[in-house]
Amino acid sequence: MKTIAFFNNKGGVGKTTFTFHLGYALERIGKKVLFADLDPQCNLTAHICSEDIINDAWGDDGNSLYKAIEPIVTGAGDVKIVEPYKVPDRNIWVFIGDLLLSDFEGELSNAWTQILAAQERGFRVTSSLLRMIKDFGSNNEIDYILVDLGPNLGSLNRAILLGCDNFIIPMIPDLFSLRGSQNIGRVFAEWIENYNFAKRRVKEMDFELPKGEPKFSGYILQQFNVYRKRKTKAYQNWGDQIPEYIQKYLIEPLTSEKLSELDLIIDLDNYKIADFKNYHSLIPLAQESQKPVFELTSKDGVIGGHYQYVEDCLKEFEETANAIVERIS
Ligand SMILES: Nc1ncnc2c1ncn2[C@@H]1O[C@H](COP(=O)(O)OP(=O)(O)OP(=O)(O)O)[C@@H](O)[C@H]1O
Ligand SMILES: [Mg+2]
């Protein structure tokens, strides 16, 4: 089982849409997939679950991820085990997100201070949510846990990232997306260094400590204009700069002297995993139908020339799913 986080500090770069499509594609090639919606905006949840299911998950005795950590937030106790929603007839599960998950940020911020002081409670609280998610994964022979995160460098993302095996960065080749990626490597390196320093100072605990060794495993390039079957000039220029950015702002900080005892990158010549093309109006159609673009049919409103996009999307994601399996296994 591998736990993969999808992250970019810049919002709206397609993290959620890509994660959703990749999960369904991995399932199509025979994998058992568990999504965890750890972005309090809940866009991934909305992509998969009906409003009734979400409403139940947020109600009394509900099973959203907030319900799992509610006892910690209110001071009533330890993490509560909740069950993910299973997509009917598919090997796909999702831990339902919750807008109230942001209430956990403050608690996690205190827990981080406790970690830095090598106190047991800090490790326990910080690891609690992902531990619960991973326990479900290992008890149910899940192959991939795909974690969607909000676009910020806050304490929830820090807590989750430290327990993931891999992370992937979806990027749009534009000025803002590149700027947004400049501090990811530096901040992650600092978190990992501090965490591992504290971890070496503590004794064994009665639960498994997060490894604190998430590996940078590549990036996804979003939103090419493929209408004319070639990249437009403006996109091309920014896209060409990405390998340099990756080297300077991710690889270098994650392989610095201070972190030399850890293995924080998958060593590759080319960090680009795939292009995620611009599917225009098929994306809102997919959201409405709660299906990936590559499973849309005429019943969902696909017409004429758009079938080509549906087919292209299937091919693109089958290749991407295989590339991920090859890279991360
Ligand atoms: N391949 C695509 N083609 C066309 N539109 C897309 C594509 N991917 C995403 N979009 C659209 O771009 C917007 C942002 O996508 P998405 O919500 O996946 O980004 P995000 O990075 O998860 O955002 P946030 O940071 O808010 O979580 C959405 O409106 C989505 O419908
Ligand atoms: Mg999102």
Side-chain angles (χ1 to χ4, degrees), residues 2 4-6 8 12-37 39 42-50 53 84-94 142-148 168-173 217-231 235 272-329:
K2 290 289 179 189
I4 311 174
F6 294 82
N8 195 320
V13 297
K15 292 180 293 293
T16 302
T17 311
F18 180 83
T19 305
F20 171 76
H21 281 78
L22 176 67
Y24 276 68
L26 282 166
E27 191 245 13
R28 289 174 72 103
I29 63 165
K31 305 296 176 192
K32 283 176 113 176
V33 174
L34 171 61
F35 291 109
D37 189 357
D39 179 358
C42 302
N43 292 333
L44 181 63
T45 299
H47 222 315
I48 300 172
C49 303
S50 70
I53 289 161
Y85 168 74
K86 183 179 188 301
V87 178
D89 308 318
R90 308 283 301 239
N91 276 323
I92 299 173
W93 289 257
V94 57
I142 296 294
D143 296 299
Y144 290 97
I145 302 179
L146 305 185
V147 179
D148 190 23
I168 289 173
I169 303 189
M171 297 181 86
I172 296 181
S217 308
Y219 68 93
I220 310 292
L221 197 51
Q222 296 277 358
Q223 311 273 29
F224 280 151
N225 183 347
V226 290
Y227 267 150
R228 279 169 292 167
K229 297 264 183 214
R230 65 184 168 84
K231 302 163 194 166
Y235 284 132
K272 187 167 96 172
I273 298 173
D275 291 306
F276 186 19
K277 302 208 180 68
N278 190 342
Y279 287 102
H280 304 275
S281 61
L282 289 178
I283 297 284
L285 211 57
Q287 282 163 0
E288 235 170 82
S289 316
Q290 298 185 322
K291 286 178 181 177
V293 165
F294 51 74
E295 292 183 7
L296 293 174
T297 66
S298 58
K299 285 197 193 108
D300 303 308
V302 179
I303 43 163
H306 287 165
Y307 276 108
Q308 191 57 47
Y309 282 119
V310 172
E311 274 173 38
D312 289 351
C313 187
L314 182 59
K315 203 163 151 263
E316 184 184 342
F317 270 93
E318 274 171 0
E319 279 170 17
T320 306
N322 282 309
I324 296 270
V325 171
E326 198 181 312
R327 223 170 249 234
I328 300 173
S329 52

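Each residue takes its place number in the sequence, starting with 1. None of these values were measured; they are calculated from a predicted model.
Ser217 pairs with exactly one of Ile169, Ile168, Ile4 by the side-chain contact (heavy atoms from CB on, under 4.5 Å) rule, that one being Ile168. For the pairing with Phe20, the side-chain contact (heavy atoms from CB on, under 4.5 Å) check across Val94, Leu44, Leu146 returns one residue only, Leu44.
Going from atom CD1 of Ile29 over to atom OG1 of Thr320 covers 10.0 Å, rounded to the nearest 0.5 Å. How far CD1 of Ile172 is from CD1 of Ile220: 13.0 Å, rounded to the nearest 0.5 Å. Expressed to the nearest 0.5 Å, how far CD1 of Ile142 lies from NZ of Lys2 amounts to 15.5 Å. For the atom pair CG (Asp39) and CG (Asp148), the distance works out to 5.5 Å, reported to the nearest 0.5 Å. Atom-to-atom distance recorded for Leu282:CG and Lys291:NZ is 12.5 Å, nearest 0.5 angstrom. Atom CD1 in Ile273 sits 11.5 Å away from atom CD in Glu326 (nearest 0.5 Å).
Nearest heavy-atom pair across Asn91 and Glu27 is N-OE2, 2.7 Å. Closest non-hydrogen pair, Trp93 versus Pro84, comes out as CD1-CG, 4.0 Å. Looking at every heavy atom in both residues, Val310 comes nearest to Leu296 through CG1-O, 3.8 Å. Nearest heavy atom pair, residue Gly23 against residue Phe35, reads CA-CZ, 3.5 Å. Pairing each heavy atom of Arg327 with each of Lys272, the nearest pair is NH2-O, 3.4 Å. Closest non-hydrogen pair, Pro292 versus Ala286, comes out as C-CB, 4.2 Å.
Under a 3.5 Å cut-off, the side chain of Gln290 and the backbone N or O of Cys49 do form a donor-acceptor pair. When atom types are taken as modelled, the side chain of Asn8 and the backbone of Pro170 share a donor-acceptor pair closer than 3.5 angstrom. One N or O on the side chain of Asp300 and one on the backbone of Thr297 form a donor-acceptor pair closer than 3.5 Å. Side-chain atoms of Asn43 do not come within 3.5 Å of backbone N or O of Thr16 as any donor-acceptor pair. A donor-acceptor distance shorter than 3.5 angstrom exists from the side chain of His21 to the backbone of Val293, with no hydrogens or angles considered.
By the salt bridge (Lys or Arg N to Asp or Glu O under 4.0 Å) test, Glu316 is found to be paired with Lys277, residues two or more places apart in sequence or in another chain being considered. Lys32 is linked by a salt bridge (Lys or Arg N to Asp or Glu O under 4.0 Å) to nothing, counting only residues two or more places apart in sequence or in another chain.
Taking the six-membered ring where the residue is Trp, Tyr279 and Tyr309 present perpendicular rings, their angle passing 60° and hence far from 30°. Using cut-offs of 30° and 60° for the angle between ring planes, the Phe317 and Phe276 rings count as perpendicular.
A heavy-atom distance below 4.5 Å is found between the side chains of Ile48 and Tyr24. Side-chain contact check for Leu22 versus Tyr144: every heavy-atom pair is 4.5 Å or farther apart. Under the 4.5 Å side-chain criterion, counting only non-hydrogen atoms from C-beta, His306 is not in contact with Leu285.
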Open item on the list: Test side chain to side chain contact (heavy atoms under 4.5 Å, CB included) on Arg28 and Leu314; report intermediate values, then the result.
Closed with: CA-CA 10 Å; Arg28 289 174 72 103; Leu314 182 59; 3.6 Å; yes

